[in-house]
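No hydrogens, no waters, no symmetry mates; every other heavy atom, side chains included, goes into these values. Since we're looking at a predicted model, the values are computed, not measured.
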Amino acid sequence: MSYSPPDYHFDPKSIGIMSLNYLEMKIVYSGNHASMAWPANNLAIYFPICLSEKASFAGLWWAVGSTASGNACMGIYDEGGNRLQQTGIVAQSGTGLQLPAMTAFQLPRGRYWLGLVLSTTAGTVRGWSSPTIGTDTAKWFAMAEETLGSTQIPATMTPVATSRNPPIMGLMRV
Amino acid sequence: MYAAPPTGMPDPFFIHTFTDDGVGGPIISLNAQALTSTAWGTANLALFIPFTITERHTYVRACVCNGATVAGNFDVGVYRGTARLFSTGTTAQAGVSQMQVVTGLSWTLDPGDYYLALATNSTTATFMCGNIASGGYGMAVTGGKQQTTAFVLPNPATLANYATVFVPLFGIFEKTWV
């Protein structure tokens, strides 16, 4: 039987806004994480993440707030803003973790962008709230946004600066 | 010459003084977690915050987080040891309680250890800052440095241990959208 190295990982099982940037968020968002209405119909919000190693992922997730409504679509982009994987458009459902079914995929070590779009402001997600360093707080996290014509997360990001609060979303390893 | 491929956590797009995966020192040195508008207090004081990158990047924006009062001029720079590699030059502080962005930069840094540096020539200029344990030792033990009479940012710097009781939020960004 051939040798199989142990499947050790250094990155967390779930990688996203609650893991990589937790300390920074605690410092500049006094509201901790709470249910928040999506800021605008078909608005995409982008957030950078880093992976320290190659890994297999079961999917992309976000945290639904107190009310699920409309549709959502989430994607992950490479450093240059090219979409690598997406959930497709799904109905927002439940409260808490929403992890749409996807075919497992691998990503190498690198720098990426998570992107999430909701179709309606009636939908809610959990997010960090009450920024304490002014309306530019999101900029310090390299966050960005894009107004879309539909709920489909685009093939290529066209980001602009944002002042939105960061929604809680991430990647789930297999 | 062969260089081993980078390993570990990639560098964030935005290197600033509270990037927990990029700089980190200020976070563990804080007395309290909230940032507050803080007057610089000592004209021409420069603060140096260490950071490390593992890959080559080009930074196109330098950013400071202004507090409730703006005054005088500031200078943001990057040092390798005591050598100043880049600086914005003297820049009038403007825009209360917002991120002030210096554009038009092209600062390419190779993998290595550096300092982010900020100086102002005003005692009353305010920046959003974290409060550090008494005597500033919380930053000194993470490698922070300072220099008095250092405006504009000097080359070379004469570095002393960090003894300031606050650490300002400022940094450099690879993207153009801030």
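- Rounding to the nearest 0.5 Å places CD1 of A:Ile133 at 11.0 Å from SG of B:Cys129.
- By the criterion of side-chain heavy atoms lying less than 4.5 angstrom apart, applied directly or through intervening Ile, Leu, Val, Met, Phe, Trp or Tyr residues, B:Tyr79 is not grouped with B:Ile53; the two fall into different hydrophobic clusters.
- Here the closest heavy-atom approach between residue A:Arg109 and residue B:Gly8 is recorded as NE-O, 2.6 Å.
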side-chain contact (heavy atoms from CB on, under 4.5 Å), that's the test. Do B:Glu55 and A:Arg111 meet it? Break it down for me. CA-CA 12 Å; B:Glu55 293 166 89; A:Arg111 309 193 296 176; 5.7 Å; no
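- Of the atoms belonging to B:Phe173, it is side-chain heavy atoms, and not backbone ones, that fall under 4.5 Å from chain A.
- Ring geometry, B:His16 versus A:Phe141: the interplanar angle exceeds 60°, so the pair is classed perpendicular (tilted spans 30 to 60°).
- Using a 4.5 Å cut-off between side-chain heavy atoms of Ile, Leu, Val, Met, Phe, Trp and Tyr, with links allowed through other members, B:Phe48 and B:Val165 fall into different hydrophobic clusters.
- Under the 4.5 Å side-chain heavy-atom criterion for ILVMFWY residues, no single connected hydrophobic cluster contains both B:Val60 and A:Trp140.
- Chain A forms more heavy-atom pairs under 4.5 Å with one residue of B:Asn66, B:Leu169, B:Val101 than with any other, namely B:Leu169.
- The contact between B:Met128 and chain A is made entirely by side chain atoms (from C-beta outward), counting heavy-atom distances below 4.5 Å.
- In the hydrophobic clustering of ILVMFWY residues, with side-chain heavy atoms under 4.5 Å counting as a link, B:Val102 and B:Val96 come out apart.
- Highest contact tally toward chain A, considering only B:Cys63, B:Ser97, B:Gly171, is held by B:Cys63 [criterion: heavy-atom pairs under 4.5 Å].
- Counting heavy atoms of neighbouring residues, nucleotides and ligands inside a 6.0 Å radius, atom CZ of B:Arg80 exceeds 12 of them.
- Residues A:Gly110 and B:Pro10 approach most closely at O-CG, 3.4 Å, considering heavy atoms.
- Of the atoms belonging to A:Tyr112, it is backbone heavy atoms, and not side-chain ones, that fall under 4.5 Å from chain B.
- One hydrophobic cluster, built from ILVMFWY side chains closer than 4.5 Å, cannot hold both B:Tyr115 and B:Phe166; they sit in different ones.
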Could you go through the side-chain contact (heavy atoms from CB on, under 4.5 Å) check for B:Trp177 and A:Lys139 one step at a time? CA-CA 9 Å; B:Trp177 64 67; A:Lys139 294 179 182 177; over 6 Å; no
